[in-house]
Participant: 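First, the structure itself, so that you have it in front of you.
Both backbone and side-chain heavy atoms feed into the values below; hydrogens, waters and symmetry mates do not.
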Amino acid sequence: AKHGKEIMSNQLTAEQLKNALWDSLTAVKSGQMQPAVGDSVAGLGREILRTVKVQLSVSNQSKRSVPQDVIDFAENTSK
C-alpha cells in the first residue's frame with residue numbers, strides 16, 4: 001500500500017499514463033522501441049489501473065470516500 005502512495009505522490013495522473021502509453025505505441029510503430037518493451041510498458045499501465053480499481057472497490061465496499069490520490073489521478077491534478 002505504501003508503494004502505491006509513493007507512485008501517486010510522484011504526481012502520476014491518468015493523462016500522463018495515457019500519454020506514456022501513446023508515446024510507447026507510436027515508438028513501437030516507428031521502430032524506435034522494441035515490441036517487448038512496449039508490452040512491458042502496457043503491462044505496467046494495466047497494473048496501475050488495476051490498483052486504482054482496487055482502491056475504488058475497497059472505498060465502495062467499505063462505504064468510505066474515494067481516496068484523494070485516486071481523485072487526483074483521475075482528474076489529472078497533483079499536489
Participant: Can you list everything that forms a side-chain contact (heavy atoms from CB on, under 4.5 Å) with Ala14? Sequence neighbours excluded, please.
Facilitator: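 Ala14 satisfies side-chain contact (heavy atoms from CB on, under 4.5 Å) with Phe73, Asn76 only.
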
Participant: Give me the other members of the hydrophobic cluster that Leu44 sits in, counting Ile, Leu, Val, Met, Phe, Trp and Tyr linked by side-chain heavy atoms under 4.5 Å, directly or via other members.
Facilitator: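 Besides Leu44, the cluster holds no residue at all.
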
Participant: For the pair Ser57 (side chain) and Lys53 (backbone), establish whether a donor and an acceptor sit closer than 3.5 Å, ignoring hydrogens and angles.
Facilitator: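 Side chain of Ser57 to backbone of Lys53, a donor-acceptor pair under 3.5 Å: no, none is there.
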
Participant: Roughly how far, to the nearest 0.5 Å, is the OG1 atom of Thr13 from the CG atom of Asp72?
Facilitator: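 Separation between the atoms: 10.0 Å.
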
Participant: Taking atom CG of Asn19 and atom CD of Gln16, what is their separation to the nearest 0.5 Å?
Facilitator: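 Output value for this atom pair is 8.0 Å.
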
Participant: Could you tell me which residues satisfy side-chain contact (heavy atoms from CB on, under 4.5 Å) with Glu75, sequence neighbours excluded, listed by chain and number?
Facilitator: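 side-chain contact (heavy atoms from CB on, under 4.5 Å) list for Glu75, sorted by chain: Ile71, Thr77.
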
Participant: How far apart are the closest heavy atoms of Val28 and Gln34, and which atoms are they?
Facilitator: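 The answer is CG2-O, 4.0 Å.
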
Participant: With a 4.5 Å cut-off on side-chain heavy atoms, are Thr26 and Gln32 touching?
Facilitator: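 Result no, sub-4.5 Å side-chain heavy-atom pair not found.
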
Participant: Is there a side-chain contact between Pro67 and Ser59 (heavy atoms, below 4.5 Å)?
Facilitator: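 Answer yes - side chains close enough.
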
Participant: Could you state whether Ile48 and Val66 fall into the same hydrophobic cluster, counting links through intermediate Ile, Leu, Val, Met, Phe, Trp or Tyr residues with side-chain heavy atoms under 4.5 angstrom apart?
Facilitator: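 Yes; tracing contacts between hydrophobic side chains, which count when under 4.5 Å, links both residues.
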
Participant: Could you pull out all residues at least two apart from Arg64 that satisfy salt bridge (charged side-chain N to carboxylate O under 4.0 Å, His left out)?
Facilitator: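 Arg64: no salt bridge (charged side-chain N to carboxylate O under 4.0 Å, His left out) contacts found.
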
Participant: Give the intermediate values and the outcome of side chain to side chain contact (heavy atoms under 4.5 Å, CB included) for residues Leu17 and Leu49.
Facilitator: CA-CA 9 Å; Leu17 178 58; Leu49 293 176; 3.8 Å; yes

Participant: What residues, two or more places apart in sequence or in another chain, satisfy side-chain hydrogen bond (donor to acceptor under 3.5 Å, both in side chains) together with Gln61?
Facilitator: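 Residues passing side-chain hydrogen bond (donor to acceptor under 3.5 Å, both in side chains) with Gln61: none at all.
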
Participant: Scan for side chain to side chain donor-acceptor pair (under 3.5 Å) pairs involving residues 41-50, sequence neighbours excluded, and state none if there are none.
Facilitator: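 Counting only pairs at least two positions apart or across chains, the side chain to side chain donor-acceptor pair (under 3.5 Å) contacts touching residues 41-50 are Glu47-Arg50.
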
